[in-house]
Structures are given as C-alpha cells and as structure tokens.
Number of protein chains: 2
Amino acid sequence: MLAERRHQLILRALRSGGPAAVTDLSEQLGVSPATIRRDLVKLEEDGLLTRVHGGARAEEGDQPFAEVAEVRVAEKDAIAAHAAAMIKDGQSVLLDIGTTAYRLARQLHGRRLTVITSNLVVYEELADDEGIELVLLGGMVRREYRSLVGFLTEDNLRQLHADWLFLGTSGVRPGGQVMDTTVVEVPVKRAMIKASDKVVLLADAAKFPGTGMAKVCGPEDLDVVVTNAPVDPATRASLEEAGVAVALAGKAQA
Amino acid sequence: MLAERRHQLILRALRSGGPAAVTDLSEQLGVSPATIRRDLVKLEEDGLLTRVHGGARAEEGDQPFAEVAEVRVAEKDAIAAHAAAMIKDGQSVLLDIGTTAYRLARQLHGRRLTVITSNLVVYEELADDEGIELVLLGGMVRREYRSLVGFLTEDNLRQLHADWLFLGTSGVRPGGQVMDTTVVEVPVKRAMIKASDKVVLLADAAKFPGTGMAKVCGPEDLDVVVTNAPVDPATRASLEEAGVAVALAGKAQA
DNA sequence: ATCGAAATTGACGAGTTTTGACGAGAGGTG
DNA sequence: CACCTCTCGTCAAAACTCGTCAATTTCGAT
C-alpha cells in the first residue's frame with residue numbers, strides 16, 4: 001500500500017464519513033496505528049485535516065489563500081448563501097476580488113449561470129463546472145491576492161454587462177462609503193459597478209464600521225447590502241436614505 | 001515491449017487507478033522494477049506524473065489536454081528550448097494557445113520576463129514564478145482547450161505589444177500558410193500576430209505538410225519557424241522566399 | 001554480411017526512507 | 001483518584017532509491 005494512496009483514502013474517509021479514529025483507519029487500511037498517526041501528522045502539516053485526540057477530522061473546503069479565508073468562514077458562508085438565493089438561473093453574475101466572492105462562487109456549483117470575474121480563485125473553483133459559462137477578465141496577475149487588475153481589466157469591463165455584481169470590501173464607513181485598502185483594485189471595482197445592473201455588497205459584521213484608505217463608491221451606487229448582524233444605526237440610516245436594502249443573512253453558527 | 005507503449009500504459013494505469021507502486025507496475029507490464037523506475041523519471045521530467053516514494057501518481061488536472069500533451073514530448077521540448085534561447089531577459093513574450101506553447105512556458109521558469117497569454121495551462125505553470133510578470137488576457141473560458149477566446153481577448157490584444165509571439169499550429173501547408181482546426185481561435189491568433197514585434201512559429205516535423213480548415217496567416221507574417229527535422233523543400237522554398245528564417249532545434253532524443 | 005558504437009535492460013550493493021513495535025508520559029472518563 | 005486510551009520518542013527491520021556495471025539489442029557504417 002502506497003503512502004500516497006493511503007493519504008487519499010484517509011481524506012476521502014474523513015470527508016464522506018466525518019471524523020474517524022486512528023484505530024478505525026488502521027483496521028480499514030490494514031496498516032499499524034503508528035503509520036496512520038504519521039500520515040495524519042503529514043496531512044495536518046499540509047492543512048488538509050485537523051487532528052483531534054484519538055483521530056482526525058477533515059478541514060473545511062480547500063485551502064486557496066487559507067490565511068485570509070479561514071477567518072469568519074461561517075459568517076461569510078451564510079452571507080454567500082443569502083446572496084446565491086438572489087440569483088436566478090440564466091442570469092449573469094460579476095464576482096469581485098477577495099475571499100467573500102470566493103465563498104459565493106462555491107455556492108454556485110450546479111447552477112446555470114454566466115460568471116464574470118477577475119478573481120483567480122473563483123476561476124479555479126468553477127473551472128470544472130459544466131453548467132457555468134465562465135468569463136475571465138484580462139489583466140496583470142497579482143499573485144498575493146490571486147486576482148487580475150489593470151487597464152486590461154477595465155477595458156474588458158466596458159464591453160460587458162452583468163445582471164448582478166457582488167462586491168467585497170475592507171470596510172464600510174458610517175456614512176455608507178465602501179472602502180478598500182488596495183488602491184490598485186479601486187478602478188477595477190468602479191468599472192465593475194458601471195457594468196452591472198444591480199450592485200450587492202457582501203460585508204460581514206466586522207466590516208461595520210470599517211477602515212480602508214481608498215473610497216470605492218458611496219451608498220448611492222449600491223442596491224443591496226447583505227450582512228450577518230445588525231448594522232449600527234448611523235450607517236443603516238445613511239444606507240436607507242440612499243435607498244439601499246439591508247438584508248440579514250441567517251444567523252451564523254460558529 | 002516498446003518504451004513508448006510502456007509509458008502510455010503507465011499513464012493510463014495512474015489516471016484510472018490512482019497512485020500505483022513500482023512493484024505493481026513492474027509485475028503488470030512484465031519488466032523489471034529498474035526499468036519502471038527509469039520510465040517514471042522520464043515521465044516526471046515531461047511533467048506527466050509525480051513520483052512519490054514507492055511509486056507515482058498522475059499529474060492532476062487536464063485529462064483531455066494531457067492526452068495530447070504526451071505525444072512527441074521530446075520533440076516539442078527541443079523546439080521549446082531553442083525558442084526559449086531566443087528570448088532575452090526583460091523582454092515581453094506572447095504565448096499562444098496549445099500544448100507547444102505550454103512546453104515553452106515550462107522552460108521559462110526562473111527568467112525575468114513579461115509573459116502574456118490566453119493559455120490557461122501556461123497561467124497555471126507560471127502562476128507561482130516570482131520572476132515572471134504574468135498578464136492574462138480576458139475572454140470566455142473554453143474548458144476543453146484550456147484557453148480564453150472571444151472579443152474580450154481580441155480587445156485586450158489591441159492594447160498590448162510584445163517583443164515575441166510564439167505561435168502553435170495544427171499544420172503548415174506547402175505554400176507556407178499556417179492553418180488551424182478550431183475556427184474560434186483564428187481571430188485571437190491574428191490579433192496576437194498584430195500585437196507582436198517578431199512572430200515565431202513552433203512546429204514539429206509532423207506539422208509539415210499539415211492540415212486544418214482555417215488559415216491563420218501566410219508566410220509573410222512570420223519571422224522565424226522553429227522545427228525539429230528538415231522541412232520539405234517546397235514549403236521551405238515558400239518560407240525563404242517570404243524572408244522567414246527556418247531554425248532546426250537540437251536533435252530530439254526519443 | 002560483419003563490425004562497432006550507442007541505447008536499453010536487468011542485476012547488485014550502498015544508502016536512505018518508511019514501517020511496525022515497545023515503553024514512558026499525557027489526556028480523557030467514570 | 002484510578003483506569004483506560006492515546007500520543008510521542010526511540011529503534012530495528014523492511015522496503016525503496018540511486019549509482020554502477022554487464023548483457024543484450026538496435027542501428028549505422030564499412
């Protein structure tokens with residue numbers, strides 16, 4: 001039995017059957033518990049599972065930009081699920097850079113949609129999904145953010161139109177301004193807003209009130225904000241004054 | 001048992017049955033473990049599998065792409081190496097769709113270059129290479145060919161200029177016309193030619209004379225043809241008449 | 001046809017990695 | 001607190017890898 005093969009089988013067992021004990025895996029694969037334990041150490045180092053006393057459980061999802069993605073996953077998934085429900089089959093969806101849009105992409109599997117994105121993680125997630133018409137925007141590859149930016153991206157966006165834009169953010173200021181920390185992405189985000197019918201901001205509770213040195217847009221550019229906890233009254237007032245609907249996604253479970 | 005045949009069988013075994021041990025493959029194919037090991041080394045060099053202790057596993061990803069990629073690997077690599085030597089550090093390189101351009105991309109690791117491409121396999125190959133400034137052209141994702149096409153791609157190309165274009169082909173006709181079988185890619189290839197200073201055609205011996213229903217360009221658009229075996233005299237005459245240099249890549253080793 | 005160079009294959013031995021076992025210590029449970 | 005189970009470190013045996021070498025086949029040239 002090849003080590004590689006064992007690793008695959010262990011991961012499959014954990015993903016389909018939930019957490020499993022070292023002794024069970026040992027019997028199932030016909031090797032000693034010591035070997036299983038060493039396998040688990042390796043797989044944990046690779047971030048593919050989490051060891052618990054007596055066994056292990058599978059790690060949630062894959063690990064594209066794991067450092068950022070692993071915080072507040074449940075909240076982001078709840079928000080993403082709410083957003084996914086807003087989309088009708090056959091529509092076109094523009095997905096922003098960032099982890100929030102990636103969580104949304106994961107919920108779109110099996111749907112019949114056109115997805116337009118400059119988010120390379122979204123591309124990888126949906127690349128194998130036959131039902132999705134996938135359009136990738138051109139641009140310079142930014143490795144650290146797994147995204148495409150630059151004038152090529154903006155040019156492409158001027159030639160397109162989408163039913164929905166789902167926008168991420170680094171934070172929302174009390175006045176309802178959507179902010180971002182990375183300046184180079186702002187022109188892309190603005191072009192996305194122009195290219196879309198309805199603009200939906202995905203922002204978990206930690207984004208209110210938020211920081212970020214560059215302003216992406218004001219509340220007047222938004223149609224809907226999806227979040228997971230009551231927004232502070234001042235921000236909420238600004239949003240409602242601008243005619244933005246604030247949707248609360250189902251309570252996030254830790 | 002021919003080495004070529006063994007390689008095919010090994011790859012098939014790995015792709016259908018997952019990771020396999022050297023000893024298993026050895027018994028299955030009726031040759032010694034030493035031979036299998038040497039086969040695995042070769043196949044790993046070609047990027048078709050990954051060796052692990054005790055055996056090997058298939059390189060994940062592109063199944064249909066891999067089928068094409070595994071034929072005439074040595075020839076394509078020799079051509080790619082010759083092409084890579086033509087590029088100077090700091091230059092910008094436009095890489096076409098197809099497996100030939102992918103082999104070239106593999107030779108560019110560690111260089112300081114700007115690489116522009118609509119080839120998703122090239123993107124994946126170079127995505128982790130810090131020295132390469134990577135620009136991805138926009139467009140519709142064509143899953144079966146791992147490429148980006150459409151008017152977005154052409155638009156992007158109109159905004160760019162590269163020092164080199166390395167073009168693949170389905171075949172070259174005796175008159176020197178470069179042909180292709182997939183009609184949708186032809187406008188993209190033409191836009192690439194317009195966006196480049198020097199156009200280099202990469203074509204192994206099997207492409208002369210070649211087929212393909214759509215004409216991409218004539219010999220007058222080419223600057224250099226890199227191949228691996230003497231081109232038939234008629235084609236060669238047409239090329240030289242148009243001022244195209246024909247370069248012969250170092251002898252291909254089977 | 002015969003010879004010689006080159007490539008391919010199988011075998012052997014040294015060195016490395018992996019595996020299973022044992023015992024001490026830590027963690028969880030009644 | 002006692003008991004059981006799990007984890008961790010160490011160690012020897014087994015399996016695997018790598019380099020070298022000889023035997024065989026293939027190919028080109030005389």
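Scope of the values below: all heavy atoms of this structure, side chains included, with no hydrogens, waters or symmetry mates.
Each of Arg38(A), Arg37(A), Arg51(A) was checked for a salt bridge (charged side-chain N to carboxylate O under 4.0 Å, His left out) with Glu44(A), and the lone residue meeting it is Arg51(A).
The residue Val52(A) sits close only to the backbone: its heavy atoms come under 4.0 Å of sugar-phosphate atoms, none of a base.
Residues that satisfy the side chain to side chain contact (heavy atoms under 4.5 Å, CB included) test with Ala20(B), not counting sequence neighbours, are Leu14(B), Leu25(B). Residues meeting the side-chain hydrogen bond (donor to acceptor under 3.5 Å, both in side chains) test with Glu27(A), sequence neighbours left out: none. Partners of Gln107(B) according to the side chain to side chain contact (heavy atoms under 4.5 Å, CB included) rule, which considers only residues two or more places apart in sequence or in another chain, are Asp77(B), Ala80(B), Ala81(B), Ala84(B). Here Met140(A) pairs with Glu133(B), Val135(B) under the side chain to side chain contact (heavy atoms under 4.5 Å, CB included) rule; sequence neighbours left out. Under the rule for a side chain to side chain contact (heavy atoms under 4.5 Å, CB included), the partners of Asp129(B) that lie at least two apart in sequence or sit in another chain are His109(B), Ile132(B). With sequence neighbours left out, the salt bridge (Lys or Arg N to Asp or Glu O under 4.0 Å) criterion links Arg190(B) to no other residue.
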Validation: residues 85-96 of chain B side-chain donor-acceptor distances under 3.5 Å, sequence neighbours left out:
from	atom 1	to	atom 2	distance (Å)
Asp89(B)	OD1	Arg111(B)	NE	2.8
Asp89(B)	OD1	Arg111(B)	NH2	3.3
Gln91(B)	OE1	Lys88(B)	N	3.0
Gln91(B)	OE1	Trp164(B)	NE1	2.7
Ser92(B)	OG	Asp163(B)	N	3.0
Asp96(B)	OD2	Gly168(B)	N	2.9
Asp96(B)	OD2	Lys189(B)	NZ	2.7

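Read 5' to 3', the first and last nucleotides of DNA chain D with an atom closer than 4.0 Å to a heavy atom of chain A are dC6(D) to dC8(D).
In this model, no donor atom of one side chain and acceptor atom of the other lie less than 3.5 Å apart for Ser170(A) and Lys207(A).
Heavy atoms only, all atoms of each residue included: Glu45(B) and Arg106(B) are closest at O-NH2, 2.8 Å.
Rounded to 10 degrees, the angle separating the terminal helix axes of the helix from dA1(C)-dT30(D) to dG30(C)-dC1(D), each built from five base pairs, is 40°.
No side-chain donor-acceptor contact under 3.5 Å links Asp46(A) to the backbone of Leu48(A).
A heavy-atom distance below 4.0 Å to DNA chain C is reached by these residues of residues 19-37 of chain B, ordered by number: Val31(B), Ser32(B), Thr35(B).
Between Arg38(A) atom CZ and dT19(C) atom C1' the separation is 6 Å, expressed in whole Å. Counting to the nearest Å, the C1' atom of dT17(C) and the CZ atom of Arg51(B) are 14 Å from each other. Between Glu4(B) atom CD and dA7(C) atom P the separation is 17 Å, expressed in whole Å. Spacing between atom CG of Asp39(B) and atom P of dT9(C) amounts to 7 Å, rounded to whole angstrom units.
Using a 4.0 Å cut-off, no side-chain N or O of Arg6(B) falls inside it from OP1 or OP2 of dT8(C).
Ion pairing between Glu124(B) and Arg146(B) holds under the 4.0 Å rule for side-chain N and carboxylate O.
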Between N or O atoms, less than 3.5 Å apart, protein on one side and nucleotides 24-30 of chain C on the other: list the pairs.
none

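For residues 223-234 of chain B, no pair satisfies salt bridge (charged side-chain N to carboxylate O under 4.0 Å, His left out), with sequence neighbours left out.
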